[in-house]
2 protein chains.
Amino acid sequence: MPDLDPVDIHAGCKTVTPLLARIGDKWSILVVMVLSAGPRRFNELKRLIDGISQRMLTHTLRSLERDGLVSRTVFPTIPPRVDYELTPLGHSLRVPVKALGLWVMENKDEITRSREAFDGRED
Amino acid sequence: MPDLDPVDIHAGCKTVTPLLARIGDKWSILVVMVLSAGPRRFNELKRLIDGISQRMLTHTLRSLERDGLVSRTVFPTIPPRVDYELTPLGHSLRVPVKALGLWVMENKDEITRSREAFDGRED
DNA sequence: CGGGATCCAGCTTGATACTG
DNA sequence: CAGTATCAAGCTGGATCCCG
């Protein structure tokens, strides 16, 4: 499959890039990976994810929930308890993301060297 | 490989997320995919990539070049001619990106439905 | 032709304070 | 405990003009 048709390329990228942008934001992948071990409560996530603010954790979880990657379960107790868990869709996303992660691990040194070479030849 | 260690997860994500953010920007994937068919000149790319501004094409190409995904060749003719081409590293990136693209194609309907359901239950 | 320089609007992220 | 509200800073992307 040569996929050389510019129209196809555009159509394909317009659907893929938004997802890449979504999971490329500052915290989404981290949240997904932490949740891959099992359900977690809000403050549990906040503790496990070093450096995230309350606001950004809320935002990230809302976005993931909206896309159907994470489910939110409220226990009407006092104090309130809310569990977040990866949906099957969320779990399935880990497969291609891990493939990309593997690519990065295999090539990050080359990328680093390329950057240093590029930055070095600024006269 | 259970990868349940929070430290490992953090370490892994801190290396993967920056790349995701890079190729998740507005134009990078599109440029890479168009270049996968072979080398192109600057204005050729600008014509092929609908809607990109001169500034963003320059920026995107510079970033990709810095990371070693794209090579830049200048022909000292008049008028000047500059060819951009995917490096072997750039070509290899297409594999995991296509895997992610496939995941999106398979699940975009479910994502769309989830979003509509989520937005619908805003009271 | 292939850019660089400048300016600006909008979005993303974070700090902080408050609430049921 | 699990958020919401508000504000501010920084970054991204686009429009426009200029240049060898």
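Below, chains carry the letters A, B, ... as their sequence lines are ordered, and counting in each starts from 1. Since the structure is predicted, the reported quantities are computational estimates derived from the model, not experimental observations.
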It should be established whether B:Arg40 places a side-chain nitrogen or oxygen under 4.0 Å from OP1 or OP2 of nucleotide C:dC1.
no

Using the rule given for side-chain contact (heavy atoms from CB on, under 4.5 Å), can you reason through B:Val32 versus B:Arg94, listing the C-alpha separation, both sets of side-chain angles and the distance that settles it, and then say yes or no?
CA-CA 8 Å; B:Val32 168; B:Arg94 293 177 57 221; 4.0 Å; yes

If you compare every side-chain N and O of A:Arg55 against the phosphate oxygens of D:dT6 (OP1, OP2), does one of them come in below 4.0 Å?
no

Think B:Arg72 has a side-chain N or O under 4.0 angstrom from the OP1 or OP2 of C:dG3?
yes

Nearest to the side chain of B:Trp27, heavy atoms from C-beta on, is which of D:dC1, C:dG14, D:dG14?
D:dG14

Presence of B:Lys26 side-chain N/O under 4.0 Å of D:dG14 phosphate oxygens OP1/OP2
yes

Under 3.5 Å, is there an N or O donor on one side and an acceptor on the other linking the side chain of B:Arg41 and the base of C:dG2?
no

d(A:Ile29 CD1, A:Thr60 OG1) to nearest 0.5 Å is 11.0 Å

Which of B:Lys46, B:Arg40, B:Arg47, B:Arg41 passes salt bridge (Lys or Arg N to Asp or Glu O under 4.0 Å) with B:Glu44? It is B:Arg40

Whole angstrom is fine here: how far is it from CG in A:Leu57 over to C1' in D:dA2?
10 Å

Touch check for A:Tyr84, heavy atoms < 4.0 angstrom, all strands: base, sugar-phosphate only, or nothing?
sugar-phosphate

Nearest 0.5 Å, what's the CG-CG distance between A:Leu100 and B:Leu93?
6.5 Å

Figure out the CG/C1' separation between A:Leu30 and C:dT13, and round it to whole Å.
15 Å

Walking DNA chain C from its 5' end, the first of A:Gly51 and A:Gln54 to be reached, judged by nearest nucleotide, is A:Gly51

When B:Thr58 and B:Arg47 are each assigned the nearest nucleotide of DNA chain C, the 5'-most assignment goes to B:Arg47

Where the side chain of A:Ser53 is concerned, which of D:dC17, C:dA15, D:dG14 is the nearest nucleotide?
C:dA15

